[in-house]
Amino acid sequence: MTPLKNDRFLRALLRQPVDITPVWMMRQAGRYLPEYRATRERAGSFMDLCKNPELACEVTLQPLERFPLDAAILFSDILTIPDAMGLGLSFGVGEGPRFSKPVRSEADVNNLAIPDPEQELRYVTDAVRTIRRALDGRVPLIGFSGSPWTLATYMVEGSGTKEFAHVKRMMFDRPDLMHKVLDVLARSVIEYLNAQVAAGAQALMVFDTWGGVLTPRDYKEFSLKYMAQIVKGVTREAEGRRVPVILFTKGGGAWLEAMADTGCDALGVDWTTDLADARARTQGRVALQGNMDPSVLYASPGRIRAEVETILASYGPGPGHVFNLGHGIHQHVDPEHARVFVEAVHELSRHYHSK
């Protein structure tokens with residue numbers, strides 16, 4: 001593989017010195033970019049885009065052509081594993097994901113099988129290989145998966161939800177079934193992420209979008225336990241260097257210490273947690289990624305720069321910070337405001353890393 005020309009993202013995740021704070025954005029390849037919308041139109045649908053390695057590569061690279069980002073992230077979806085389990089995933093126009101075969105009964109749970117990443121999910125690993133070749137060492141490539149709990153919420157509910165009625169009913173009434181679902185998902189995620197690393201992913205991120213809807217007790221038992229299993233099971237060395245693992249629980253600021261105990265390399269932090277507090281609580285055990293409120297990108301360029309400076313000051317001097325939004329960039333953000341954000345991080349962070 002071609003040597004990396006810019007590895008500050010990987011070095012920051014390992015809390016090694018960098019010249020400036022690296023930055024990338026969750027959902028950086030997405031609907032706020034007109035070129036993405038054009039490519040998706042050509043693909044025919046969102047899942048058709050995900051399942052076409054050449055087009056997935058094209059949209060992965062689009063934000064890198066606009067902004068001086070320090071990492072690329074595989075263009076895919078967190079629901080690829082449940083889709084490969086045969087649950088009938090679809091995306092209606094203007095709607096979120098739906099499964100035609102939700103997992104509700106004991107028989108449904110017993111029918112779940114671990115997909116082969118190089119068979120049912122070959123389009124993902126092919127996309128990773130295609131993107132790595134196209135990047136040619138420009139920046140590192142991030143591979144990712146949804147967390148077992150987050151995947152289970154969609155599988156059991158059958159769609160997005162605000163109440164989590166079905167999945168929490170299973171969790172409370174049949175914890176044995178819930179654990180069985182989560183175990184098969186954790187083993188599936190490990191195989192999936194390891195296949196991404198074998199194909200060329202240089203860092204891994206686990207998105208626990210819905211862990212924050214759980215009580216502290218249930219979060220540790222039904223979400224964090226399985227993310228810890230993933231951290232222990234994934235490939236941590238490839239191509240002669242460490243493959244950092246980032247865990248991100250949206251709304252999970254109360255559990256940063258417990259998350260750091262998993263042995264991961266970095267924690268994603270959303271905008272509801274102050275970075276200075278997060279850094280003090282984790283005591284240098286992990287890098288921190290985040291955490292600007294995505295809605296700041298609707299504000300004026302001057303206000304965006306001011307918020308970047310505030311967050312840099314909150315983290316303070318030294319390594320171990322990857323700048324990001326606290327969640328994904330919004331659909332209606334002006335791309336030029338995203339440019340202001342990325343360039344401000346690089347410009348304003350330099351003095352935090354001076355010798």
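No experiment lies behind these values; they were computed from the predicted model shown. Sequence positions, counted from 1, serve as the residue numbers for this chain.
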Beyond-backbone contact of M170 with V156, side-chain heavy atoms, under 4.5 angstrom: yes

Evaluation steps, ring pair (Phe, Tyr, Trp, His ring centres under 6.0 Å), between F323 and F341: CA-CA 10 Å; F323 213 118; F341 162 65; 5.6 Å; yes

Hydrophobic cluster membership, F9 vs I20, 4.5 Å side-chain cutoff: no

Ring centroid separation Y298 to H330 under 6.0 Å: yes

Evaluation steps, side-chain hydrogen bond (donor to acceptor under 3.5 Å, both in side chains), between T80 and D77: CA-CA 6 Å; T80 50; D77 190 77; over 6 Å; no

Spacing of CG belonging to L182 relative to NZ belonging to K225, to within rounding of 0.5 Å: 9.0 Å

Any donor-acceptor N/O pair, H332 side chain to Y32 backbone, under 3.5 Å: no

Main-chain N/O of D270 paired with N291 side-chain donor or acceptor, under 3.5 Å: yes

Derivation and outcome, side chain to side chain contact (heavy atoms under 4.5 Å, CB included), residues M171 and E221: CA-CA 10 Å; M171 181 183 78; E221 181 176 353; over 6 Å; no

Minimum heavy-atom distance between T150 and G211, given as atom pair plus value: OG1-N, 4.4 Å

Set of residues satisfying side-chain hydrogen bond (donor to acceptor under 3.5 Å, both in side chains) with respect to T235, sequence neighbours excluded: N194

Note, I246 side chain near V206 side chain (heavy atom, < 4.5 Å): no

Heavy-atom side-chain proximity of M178 to V167 below 4.5 angstrom: yes

Ring center gap for F75 and Y36 short of 6.0 angstrom: yes

Donor-acceptor contact present, side-chain E307 to main-chain M292, <3.5 Å: no

Side-chain touch P244/L204, heavy atoms, less than 4.5 angstrom: no

Parallel, tilted or perpendicular: rings of F91 and F46 (30°, 60°): perpendicular

For the student: nearest non-hydrogen atoms of R66 and P335, plus distance: NH1-CB, 3.5 Å

Side chains of V139 and L69 in contact at under 4.5 Å (non-hydrogen atoms): no

N/O donor-acceptor pair under 3.5 Å between T60 side chain and A56 backbone: yes

Donor-acceptor under 3.5 Å (Q289 side chain, A266 main chain): no

Single-linkage hydrophobic cluster L61~V59, side-chain heavy atoms < 4.5 angstrom: yes

Side-chain (R138) to main-chain (L64) donor-acceptor, under 3.5 angstrom: yes

Donor-acceptor contact present, side-chain K5 to main-chain D136, <3.5 Å: yes

Least distance between heavy atoms, V286 atom then C264 atom: CG1-O, 3.5 Å

F222 ring center within less than 6.0 Å of H179 ring center: yes

Test item: D70 side-chain N/O and V23 main-chain N/O as donor-acceptor pair under 3.5 Å: yes

Under 3.5 Å: donor-acceptor pair, side chain of R8, backbone of D19: no

Side chain proximity check, R241 to D7, heavy atoms < 4.5 angstrom: yes

Least distance between heavy atoms, V181 atom then A152 atom: CG1-CB, 4.0 Å

Aromatic contact, F164 with W210 (centres under 6.0 Å): yes

K168 vs L214 side-chain heavy atoms within contact, under 4.5 Å: yes

I142 reachable from V18 in the ILVMFWY side-chain graph, under 4.5 Å edges: no

Any side-chain donor near an acceptor of the partner, T125 and E118, under 3.5 Å: yes

Considering all heavy atoms, the nearest S105-L177 contact: C-CD1, 4.4 Å

Path from L288 to W271 over hydrophobic side-chain contacts below 4.5 Å: no

Test item: T282 side-chain N/O and R285 main-chain N/O as donor-acceptor pair under 3.5 Å: no

Partners meeting salt bridge (Lys or Arg N to Asp or Glu O under 4.0 Å) with D265 (sequence neighbours left out): R236, R242

Atom of T21, atom of S349 and distance for their closest heavy-atom approach: N-OG, 3.0 Å

Rounded distance [0.5 Å steps], SG in C57 versus CD in Q62: 10.0 Å

Contacts of R279 that satisfy salt bridge (Lys or Arg N to Asp or Glu O under 4.0 Å) - sequence neighbours left out: none

Common cluster, Y352/I311, ILVMFWY with side-chain heavy-atom separation under 4.5 Å: yes

Step-by-step side-chain hydrogen bond (donor to acceptor under 3.5 Å, both in side chains) determination, R31 to Q331: CA-CA 5 Å; R31 293 177 292 177; Q331 174 183 355; 3.3 Å; yes

Evaluation steps, side-chain hydrogen bond (donor to acceptor under 3.5 Å, both in side chains), between Y219 and T249: CA-CA 10 Å; Y219 174 74; T249 294; 2.9 Å; yes

Ring centroid separation Y154 to F99 under 6.0 Å: no

